[in-house]
2 protein chains.
Amino acid sequence: MNGKSPKIQDVAKVAGVSTATVSRALSNPDLVSDKTRTTVLDAVAKTGYRVNRAAKNLRKRQSDAILALLPDLGNPFFSQILSGIESVFTTSDLSLLVSDTKGIREDNLLDYFMDMRADGMILLDGAIPRNILSQLQSSSFGNRIIFACEWKPEFDFPSVRSDNFGGAVQAIEHLYGLGHRKIGHISGPRNNVLTKERLRGVEAAMADLDLPINREFFIDGGAFSLDAGAQAARSFMEMSDRPTAIACGSDLIAMGFISEISRRGLKVPDDISVVGFDDIEIAGSYIPSLTTIRQNRTQIGVLAASYLLDQIANRITDNAAQVQEVGVKLIARQSTAAL
Amino acid sequence: MNGKSPKIQDVAKVAGVSTATVSRALSNPDLVSDKTRTTVLDAVAKTGYRVNRAAKNLRKRQSDAILALLPDLGNPFFSQILSGIESVFTTSDLSLLVSDTKGIREDNLLDYFMDMRADGMILLDGAIPRNILSQLQSSSFGNRIIFACEWKPEFDFPSVRSDNFGGAVQAIEHLYGLGHRKIGHISGPRNNVLTKERLRGVEAAMADLDLPINREFFIDGGAFSLDAGAQAARSFMEMSDRPTAIACGSDLIAMGFISEISRRGLKVPDDISVVGFDDIEIAGSYIPSLTTIRQNRTQIGVLAASYLLDQIANRITDNAAQVQEVGVKLIARQSTAAL
DNA sequence: TCGTTTTCTGTAATCGATTACATAAAGTCG
DNA sequence: CGACTTTATGTAATCGATTACAGAAAACGA
């Protein structure tokens, strides 16, 4: 150990073979004889050799990294998904790069591929501008991209997502089962795909159950946040005729809503039942604990990461862009009650 | 545009100069004449050239990436810090790599430096095994590491953290100010530095205020989680003589605690006042909204990232390992009330 | 004007791996 | 046994940038 990192040359010298053989012994063990392989491995252990990633990647024209692009790194919703993604990459010796889309707008996503910073991307933001996506799609990197959670309907990149429609249906059916007939909905960000799917589910379920759809009961929250819920609560309080139950576009909306109406004297679930969507960590400990639709976020991460790896390695034969829907499940807790 | 990424050679040809000049024009503009520079920049624009990171990094023996190492990527607590970190790196053209310590134990952290995957590290986990840290410290990469949030007292890596001691003091003083004299504490993970600092703060404040320290009122939560709080609530219910106020080691503990005692018929803040620590996003919308100690997590991320960059680039002259403490602030809400 | 310094640019070595190609040795088969 | 295939290894080109070194041109000073 003289402080300098050993190079493949050093290993070759110690093992008494050529650098080519060392390289092969490490990355293509079948190509060398058993004896040579053990000699080389010993030499590697002895020298403490580690492959220099920059050199390897330059030669192989790759980067050994995947970028996960989030709408907002500060949003805790995504941490579970990241965790799922990372668990896959760790076993593949890939690095996980993260960035949020705020920094992206101007400088181009394509650059990550062009300058070899990433071999693939997992997009968690459905609001990436169309022109950037077209550019990606028509480039030679179009098949190194996958959407997770959110997606962009006009593009046929593969995607992994929850069954948002089905989740909304479950929420409505649950409320119906408890006897509720006047059901409202607070939706998320206006142009968000999740918002639309969930709204579609709500309406479909209501139609199926022969419930009259009262537009007054549909509040446009405008975001998935606590604030949106609180805001919606204010609209709610002003209604002359109020629904007895509300299905929310997210848990945060639900909590913001409950928080605000409680402050104004209403009780959940006595005066109104509330269902969330997501099942974030605190949902079970909120007071009242929140009935919600559980999304398996870790699995979404795992599936997206695995699929992307297969895709990059060309292991996917069927080249129709694939949509994987992950099942969701209603978790009944105390924010909903029989009428 | 024939689909192949242009190389520096191509730019050189278009601009009618050597590759050396192109390189200089891009990374050391002062070294070339004004005229040449504009010619080169035009050629770059015309060809759509982007520097190949692997080649650049190989030559410069760097990686253009910083690793953030979290105890648990799935834990939403860290997302804000990551966001702060990322905001700094984006402006520096550095990539942010993330990983959690679960994958680390076996394979060595030092490897990230050895194989040039990272130029530096931000450690958010105080529980990294001692031998790994010693190895890092004694390597030539010892000065490319910084702790954020948590830290390891025996090592003198620089670190950025909240004023945990001061936060605990504020919590106790707040409760004292409301008239509470029988004050308890639920602590976090046993060997965690934050746990220790906060406990120290609690005890110091109590001593200062001449409050008797009743060991029965100190519950060992064992973790910062909701569950720990719920568990502690059960111990609490069994006490013959109960404190009238509790300072918790984290917001999650506080919420788990409130949730559980509410289920058992106690009311917050009527029967007992509760203070959290962290001010996580939902704290303000919890019911009751949580009085807590606000940590500026984004700023911790920003400071850690900036300091690390300075350290790597400028070789910070003052080589005494620096500890930066970020101030915290008590946010009074509805989970605490006058006795 | 001539020598000296400064500014600008080009040539070619270099970073540290992988791998195409060549070749020697070993194995196969009629 | 000789022709042919397979296996194992080495030599050297290659990936695409940066930069040490050198030389030409321009600026400067006396």
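Chain letters run A, B, ... following the sequence lines, proteins first and then strands; every chain starts at 1. Being a predicted model, the structure only gives us computed values, none of them experimental. Note: hydrogens, waters and symmetry copies are ignored here, and every other heavy atom, side chains too, is used.
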| message | How many whole angstroms separate atom CG of L58(B) from atom P of dT14(C)? | response | 14 Å
| field | Length of the line joining L31(A):CG and dT23(C):P, which is rounded to integer Å | value | 20 Å
| Are more than 12 heavy atoms from other residues, nucleotides or ligands located less than 6.0 Å from atom CD of Q9(A)? | no
| Starting at the 5' end of DNA chain C, which residue's closest nucleotide do you reach first, T19(B) or R61(B)? | T19(B)
| message | Closest approach to the side chain of V32(A), judged atom by atom: which nucleotide of dT9(D), dG10(C), dA12(D) is it? | response | dT9(D)
| Taking the six-membered ring of F77(B), is the NZ or CZ of R297(B) close enough (under 6.0 Å from the centre) and on axis enough (within 45°)? | yes
| request: Respond yes when some side-chain nitrogen or oxygen of R59(B) is under 4.0 Å from OP1 or OP2 of dC15(D), and no when none is. | output: no
| What nucleic acid atoms does S23(B) come within less than 4.0 Å of, heavy atoms only: base, sugar-phosphate, or nothing? | base
| Interatomic distance where CD belongs to Q62(A) and C1' belongs to dT18(C) [whole Å] | 11 Å
| remark: When rounded to whole Å, the NZ to C1' distance for the pair K7(B) and dT18(D) reads 16 Å
| Using a distance-only test with no angle check, is there a side-chain donor-acceptor pair under 3.5 angstrom linking T36(B) and T39(B)? | no
| task | Check whether any side-chain nitrogen or oxygen of Y49(A) sits under 4.0 Å from OP1 or OP2 of dG16(C), and answer yes or no. | result | no
| said: With a 4.0 Å limit, can you tell me whether S33(B) has a side-chain N or O closer than that to the phosphate oxygens OP1/OP2 of dT9(C)? | reply: yes
| request: Could you check how far CD1 of I8(B) sits from P of dA12(C), rounded to whole Å? | output: 17 Å
| request: Ignoring backbone atoms, test whether T36(A) places a side-chain nitrogen or oxygen under 4.0 Å from the OP1 or OP2 oxygen of dT9(D). | output: yes
| request: Ignoring the backbone of A20(A), work out which of dT11(D), dG16(C), dA17(D) is nearest its side chain. | output: dT11(D)
| Yes or no on side chain to side chain contact (heavy atoms under 4.5 Å, CB included) for V14(A) and D42(A), after CA distance, side-chain angles and deciding distance? | CA-CA 9 Å; V14(A) 172; D42(A) 282 357; over 6 Å; no
| task | Round to a whole Å and report the spacing from CZ of R37(A) to P of dT7(D). | result | 14 Å
| task | Taking only the side-chain nitrogens and oxygens of K60(B), find out if one of them lies under 4.0 Å from OP1 or OP2 of dT18(D). | result | no
| field | Rounded distance in Å - CG (D115(A)) to P (dC15(D)) | value | 19 Å
| request: Mind checking T21(B) for me? I need base, sugar-phosphate or nothing, with any heavy atom below 4.0 Å counting as a touch. | output: sugar-phosphate
| said: Students often get this wrong, so: under 4.0 angstrom with heavy atoms, is R24(A) touching a base, only sugar-phosphate, or nothing? | reply: base
| From dG16(C), dT11(C), dG10(D), nucleotide with atom closest to V17(A) side chain | dG10(D)
| said: Measure NZ/K13(B) against C1'/dG16(D) and give the value in whole Å, please. | reply: 14 Å
| If you count the non-hydrogen atoms of other residues, nucleotides and ligands that lie under 6.0 Å from NZ in K13(A), is the total more than 12? | no
